[in-house]
Amino acid sequence: MDMNSVVSEMQQPAKAAAEAQVAAKRPPPKPAKKTKRATVYFEVEILDAKTREKLCFLDKVEPNATIAEIKNMFTKTHPQWYAARQSLRLDPKGRSLKDEDILQNLPVGTTATLYFRDLGAQISWVTVFLTEYAGPLIIYLLFYFRVPFIYGPKYDFITSRHSVVHLACICHSFHYIKRLLETLFVHRFSHGTMPLRNIFKNCMYYWGFAAWMAYYINHPLYTPPMFGDDQVKMAVIIFLFCQLGNFSIHIALRNLRPAGSKTRKIPFPTRNPFTWLFLLVSCPNYTYEVGSWIGFAIMTQCLPVALFSLVGFIQMTIWAKGKHRSYLKEFRDYPPLRSPIVPFIL
């Protein structure tokens with residue numbers, strides 16, 4: 001080995017160290033710039049569902065905009081149609097789109113055409129329920145205390161001698177006070193409003209039947225039930241049992257939906273035995289409600305109460321069938337043994 005080779009080998013470590021120091025001082029390579037994807041905005045045209053007249057054109061609408069946000073945009077150009085009274089749909093005769101529906105998920109192109117229908121003046125569900133339920137409570141008490149101009153001067157403010165009349169007043173008042181409290185503190189509504197015109201129809205139904213029932217039950221010539229105290233006691237047990245059941249179902253439904261949410265879940269029984277009726281029917285709150293009025297009809301043995309129970313049963317059956325169909329459509333794993341309102345029958 002000659003002298004030059006030895007020197008070269010001795011210089012290699014020093015050279016490598018110098019190169020490492022130079023490399024360490026070099027700035028790190030810049031990351032490659034990500035190319036920004038251009039946002040594709042939507043154009044939304046809103047037409048009148050009846051006349052096909054163009055009402056509004058919205059430009060540069062975000063693809064993730066919800067129907068609720070589009071309604072608010074529409075309100076800015078037409079303040080008389082606030083969001084609650086708007087119905088937007090893809091087809092003039094189709095179903096209304098949900099507020100939570102997202103524009104880009106709808107079967108439309110980047111230029112979307114929506115059809116508008118005016119739902120009319122709206123009123124909150126809370127206001128409707130409070131009005132519906134406060135009326136029967138007050139009306140019934142007017143007949144119970146026999147205020148003047150109802151039964152004649154001879155009977156003004158004279159209480160009935162029959163204990164069942166006083167018991168009926170307690171049960172009737174308890175029912176509607178319970179409903180008022182549930183409206184304020186228990187119920188969670190999936191829709192905030194309803195058409196104003198409905199309140200007149202609903203109040204006529206509740207207030208009218210309340211006056212009709214109260215007139216006969218509190219009448220000076222009212223006769224107690226045929227089987228006396230035994231019939232009344234059995235009826236009171238039915239009434240209270242169903243009232244507790246109805247309240248238990250309302251609590252279970254409340255716990256099923258978080259506050260401020262429109263999330264729908266399949267209701268199942270809880271540890272509360274009154275909720276076990278969920279094993280057999282989709283709407284046990286209606287089942288218990290009808291049971292309460294049947295108990296009240298047995299207690300008073302009054303024809304108007306029986307008719308009120310029948311009409312209520314028919315209406316609640318319609319509601320229960322609608323909810324049952326909705327559950328079956330929305331949830332594939334919905335329990336197949338459930339009936340809408342009456343186990344195994346209806």
Side-chain angles (χ1 to χ4, degrees), residues 84 120-151 156-157 159-160 164-219 236 239-240 242-251 253-254 259 283 285-286 288-297 299-300 302 304-316 318-319:
Q122 300 289 300
I123 187 172
S124 74
W125 275 98
V126 173
T127 302
V128 171
F129 278 8
L130 293 178
T131 307
E132 287 178 2
Y133 301 152
L137 177 63
I138 296 171
I139 290 171
Y140 194 99
L141 291 175
L142 293 177
F143 284 89
Y144 173 74
F145 289 113
R146 294 179 180 174
V147 297
F149 311 110
I150 294 181
Y151 299 115
D156 289 352
F157 300 112
T159 58
S160 174
V164 65
V165 172
H166 307 302
L167 188 59
C169 180
I170 293 172
C171 290
H172 188 275
S173 300
F174 172 81
H175 174 75
Y176 281 104
I177 290 173
K178 166 183 163 293
R179 282 194 167 191
L180 290 169
L181 293 175
E182 286 177 337
T183 299
L184 293 173
F185 304 110
V186 176
H187 292 319
R188 286 174 177 163
F189 302 99
S190 56
H191 300 285
T193 63
M194 68 180 294
L196 177 62
R197 61 183 177 272
N198 286 3
I199 194 173
F200 301 104
K201 176 183 66 177
N202 294 5
C203 286
M204 284 180 62
Y205 168 73
Y206 283 105
W207 295 18
F209 263 113
W212 193 22
M213 291 187 294
Y215 177 82
Y216 284 100
I217 296 172
N218 298 286
H219 198 283
V236 169
F239 178 84
L240 292 178
C242 291
Q243 286 288 288
L244 288 172
N246 180 264
F247 177 74
S248 299
I249 298 300
H250 287 163
I251 292 296
L253 292 174
R254 170 191 168 84
C283 302
N285 51 324
Y286 295 152
Y288 284 124
E289 179 76 10
V290 173
S292 295
W293 286 110
I294 290 175
F296 194 73
M299 181 198 311
T300 57
C302 182
V305 180
L307 291 176
F308 180 69
S309 304
L310 177 61
V311 174
F313 173 68
I314 293 171
Q315 180 60 70
M316 282 184 271
I318 295 172
W319 291 337

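All of these numbers come straight from a predicted model, not from anything done at the bench.
Take Phe313 and apply the ring pair (Phe, Tyr, Trp, His ring centres under 6.0 Å) test, not counting sequence neighbours, and it matches no residue. In terms of the ring pair (Phe, Tyr, Trp, His ring centres under 6.0 Å) criterion, residue partners of Tyr140 (sequence neighbours excluded) are, by chain and number, His172. The ring pair (Phe, Tyr, Trp, His ring centres under 6.0 Å) search around His175 returns Trp293, not counting sequence neighbours. In this structure, the side chain to side chain contact (heavy atoms under 4.5 Å, CB included) partners of Leu310, at least two apart in sequence or on a different chain, are Ile314. For Gln122, the side chain to side chain donor-acceptor pair (under 3.5 Å) partners are Thr193, not counting sequence neighbours. For the salt bridge (Lys or Arg N to Asp or Glu O under 4.0 Å) test, no residue two or more places apart in sequence or in another chain qualifies with Glu132.
Taking all atoms of both residues into account, the shortest heavy-atom contact from Cys302 to Ile217 is SG-CG1, 4.0 Å. Across His166 and Ser160, no two heavy atoms sit closer than the pair NE2-O, 2.9 Å. A pairwise comparison of heavy atoms in Met194 and Asn198 identifies CE-CB, 3.0 Å as the closest pair. Nearest heavy atom pair, residue Pro148 against residue Asp156, reads CA-OD1, 3.4 Å. Pairing each heavy atom of Phe129 with each of Leu180, the nearest pair is O-CD2, 4.5 Å. The heavy-atom pair separating Ser292 from Phe239 by the smallest distance is O-CD1, 3.3 Å.
Note that CD1 of Ile138 is 7.5 Å distant from CH2 of Trp207, once rounded to the nearest 0.5 Å. Distance check: Ile139 CD1 to Tyr206 OH gives 13.5 Å after rounding to the nearest 0.5 Å. To the nearest 0.5 Å, atoms CZ (Arg179) and CD (Gln243) are separated by 8.5 Å. How far CD1 of Ile294 is from CE of Met299: 13.0 Å, rounded to the nearest 0.5 Å.
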Margin query: Between Thr127 and Thr131, does the side-chain contact (heavy atoms from CB on, under 4.5 Å) criterion hold? Intermediate values first, please.
Written below: CA-CA 6 Å; Thr127 302; Thr131 307; 4.2 Å; yes
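With ring centers used as reference points, Phe308 lies under 6.0 Å from Tyr205. Between Phe143 and His219, the ring center distance fails the sub-6.0 Å criterion.
Taking the six-membered ring where tryptophan is involved, the planes of Phe209 and Trp212 are tilted, since the angle between them lies from 30° to 60°. Using bins of under 30°, 30° to 60° and over 60° for the plane-to-plane angle, the ring pair Tyr286/Trp319 lands in the tilted bin.
Contact check for Ser173 versus Leu137: side-chain heavy atoms found under the 4.5 Å cut-off.
For the pair Asn246 (side chain) and Asn285 (backbone), a donor-acceptor distance under 3.5 Å is present. In this structure, the side chain of Arg146 engages the main chain of Asn218 through a donor-acceptor pair within 3.5 Å. Put simply, the side chain of Tyr144 never gets that close to the backbone of Thr159: no donor and acceptor are under 3.5 Å apart.
Counting heavy-atom neighbours within 6.0 Å of Phe189 CZ, excluding the residue itself, gives a total above 12. The environment of Trp125 atom CH2 is sparse: at most 12 non-hydrogen atoms of other residues, nucleotides or ligands sit within 6.0 angstrom.
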